[in-house]
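Read the numbers this way: they start at 1 and go in the same order the structure lists the ligands and their atoms.
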Amino acid sequence: MKTPDLWLGSESIWHDDRGTFEPGWIIIRGTRIVALAAPGDTPAAGAQVRNLGPLRVLPGLINTHVHLEFSGGTEPLRDFYAEDDFERLLRATRNAHHLLMSGVTTVRDCGSSWSMLALARRPDLSPLPLPRLLCSGPPITVPRGHLHFMHGVVRSEADISAHVDRIEHEGGQSVKVMASGGKLTPGSDPARTVFSQRRLDLIVALAREKGYPSVSHVLASESIRRSALAGFDSLEHCAFMERNDEGHLQRVYDGDIAQTVRDCGNHVMANLSTTTNRFERLRAQAQRTPAEDDLLRHFDDKIDTFRRLAELGIPMVCGTDSGVLEAPFDETWREVAYLVRSGLSHAEAIRAATSRAAKALRLEGKTGRIAPGLSADLVAIANNPLADETAFAKPRLVVLRGRTVLDRIAA
Ligand SMILES: [Zn+2]
C-alpha cells in the first residue's frame, strides 16, 4: 500500500528568498516535498496531518566541514593513532548520528582514511540513522604534508588523477586538497603553500568532471590566492597565515587576495566556533599564561578576518571542523551563533547553514530549502532564529528524506 502524503503544518515556515517565516503546510510524499499549501487549505482526504503550531520549521542544517573519524577530544591525533580502521568506522558512525540528532541532515566529511568510505557506500548498513553524507576520503596532500597519514599523498599529476578516480570508485563525493600545511600535523607548516597553480587547477577540473564539490584547505595567504583562482567551490579557514621575522605564525590580512576571492566567487568556511568552548573557559579565567593570551589573540584575529571577508560580500558557509581539538559533533548551532556574533545578519547565518551551504556542496537541487522537488529534510525549533542566534541548539523535530528521526515534541 502506498504511504499517504504527510501534511506538516506550522505558523512559521522558513522562506529562504524572503528571509521570513510564513504560516502554511509542507506536503511530503515519500522522501520529497511535493508542494506547499496556504494556511487555509484543507489537507487532502486520506493524508496524514501533523500540525506543529508555533514551532519554527526550517530546512535541516548543513555542516560543510567535519572529520567523522576524529574524537573531538583534547588529543584527537593521539586518539586517531590509537584506534584501528574498525574502531574509527564505529566512531565515525556514532559521530555522524550525533550530527543528525542535533539537526544536521547533510554533512560533508573533509578528510578521513580510505576505509571510512564504507560509510559513504553503505549507509543503509548503519544500525543508527545517519545524515546525508558527502565524504571526501583522504585529502590530497604532499609527502609529509597536512593529514598525510590518511594516505592521500600525491607526487605527480598522474597521482592526482588516480586519487580522484579512487574517490569515485570507493563512494566519495567530494574532493579535498590541503593547499597549505596545517596545525594538527607535526612538521607541517601552516604558512607554506604546497601545491602549484597548475596542480590546483587540475584538481578542480577533475572534480568538476565528476560533478563533485571541490574544497581547499588554505591557511597560508598564497594558498588562498591560488585556490581562489583555481575556482574551488569552498575555501576552508582562510587564515592569511604568515611567519614574522621571529618565525612566529600570525594572521596578516591581505586585501588584494580577499578581493580575488570575492571576484572568483568561492564560498568561505571559517569555522569560527571551533574550540570556542575552551576559549570561553580561558576568557573567564582570572589569570592566563602568555601562551593562553596568545591563543585568545589568534581567535580575535580570526573573527576580525571573517568580518572583513563578510563585508566584501563573500558567501560564507557553515562548517565546524568537528573532531579536531575539543570540537564536538552536536554543536553546529554554535557555528550559526558565532556567524551572527561576528557580523552576519540572522537570516544570512541561517542561509550559511542551509541554502548557501547546499550550493557550496553542489546540492542546491536536492536540499537546503523548503521547496517542491527537494528532499524533505527539515528541522523544527521552539525559538525564533531571526532573534535568537542559539535557537538551533535543541531541535524538537528532525526529518530526513521524509522520515522523522528525532521527535521531542510529545515529551
Ligand atoms: Zn578540517
Side-chain angles (χ1 to χ4, degrees), residues 62-80 88 91-92 95-96 98-99 104 106-114 116-117 133-142 145-152 167 172-186 188-190 194-195 203 213-220 223-224 227 232-239 241 266-278 298-299 302 305-306 316-329 331-332 334-335 338 352-353 357 360-361:
I62 299 176
N63 191 327
T64 66
H65 191 132
V66 306
H67 298 276
L68 293 173
E69 285 180 320
F70 281 157
S71 66
T74 53
E75 303 237 26
L77 210 52
R78 192 197 58 189
D79 297 338
F80 183 88
R88 286 183 203 131
R91 186 189 275 290
N95 287 339
H98 282 167
L99 278 153
V104 182
T106 299
V107 174
R108 173 173 48 202
D109 186 277
C110 262
S112 73
S113 62
W114 286 108
M116 202 201 79
L117 289 175
L133 289 176
L134 242 70
C135 294
S136 311
I140 298 173
T141 192
V142 294
H146 190 33
L147 302 193
H148 62 87
F149 48 84
M150 288 175 169
H151 302 294
I167 287 176
Q173 287 183 306
S174 167
V175 178
K176 167 93 184 277
V177 63
M178 299 304 193
S180 76
K183 283 189 262 187
L184 195 67
T185 308
S188 161
D189 184 356
V194 296
F195 279 106
I203 292 165
S214 54
V215 48
S216 185
H217 160 100
V218 288
L219 294 182
S223 69
I224 302 174
S227 297
F232 279 89
D233 294 306
S234 309
L235 305 180
E236 313 301 272
H237 317 301
C238 281
M241 212 67 103
N266 327 79
H267 299 89
V268 167
M269 191 291 310
N271 65 304
L272 303 173
S273 63
T274 311
T275 323
T276 45
N277 275 320
R278 185 165 177 228
H298 267 278
F299 176 70
K302 176 179 181 171
T305 301
F306 173 85
M316 299 294 181
V317 296
C318 170
T320 54
D321 224 350
S322 293
V324 303
L325 186 69
E326 292 189 51
F329 288 85
E331 294 194 349
T332 302
R334 190 184 286 276
E335 184 65 21
Y338 269 89
L361 298 183

Practice problem: Answer yes or no as to whether an N/O/S atom of Cys110 is found below 2.8 Å from the Zn ion (ligand 1). | Solution: no

### Task
Establish, yes or no, whether a centroid distance under 6.0 Å links the rings of Phe306 and Tyr338.
no

Among N, O or S atoms, Asp321 approaches the Zn ion (ligand 1) most closely through OD1

Ring center gap for His65 and His237 short of 6.0 angstrom:
yes

Q) Heavy atoms, side chains only, cut-off 4.5 Å: are Lys176 and His217 in contact? A) yes

Original post:
Should Glu69 and Asp109 count as side-chain neighbours, where that means a heavy-atom distance under 4.5 Å?
Top reply: no

To the Zn ion (ligand 1), the closest N, O or S atom belonging to His67 is NE2

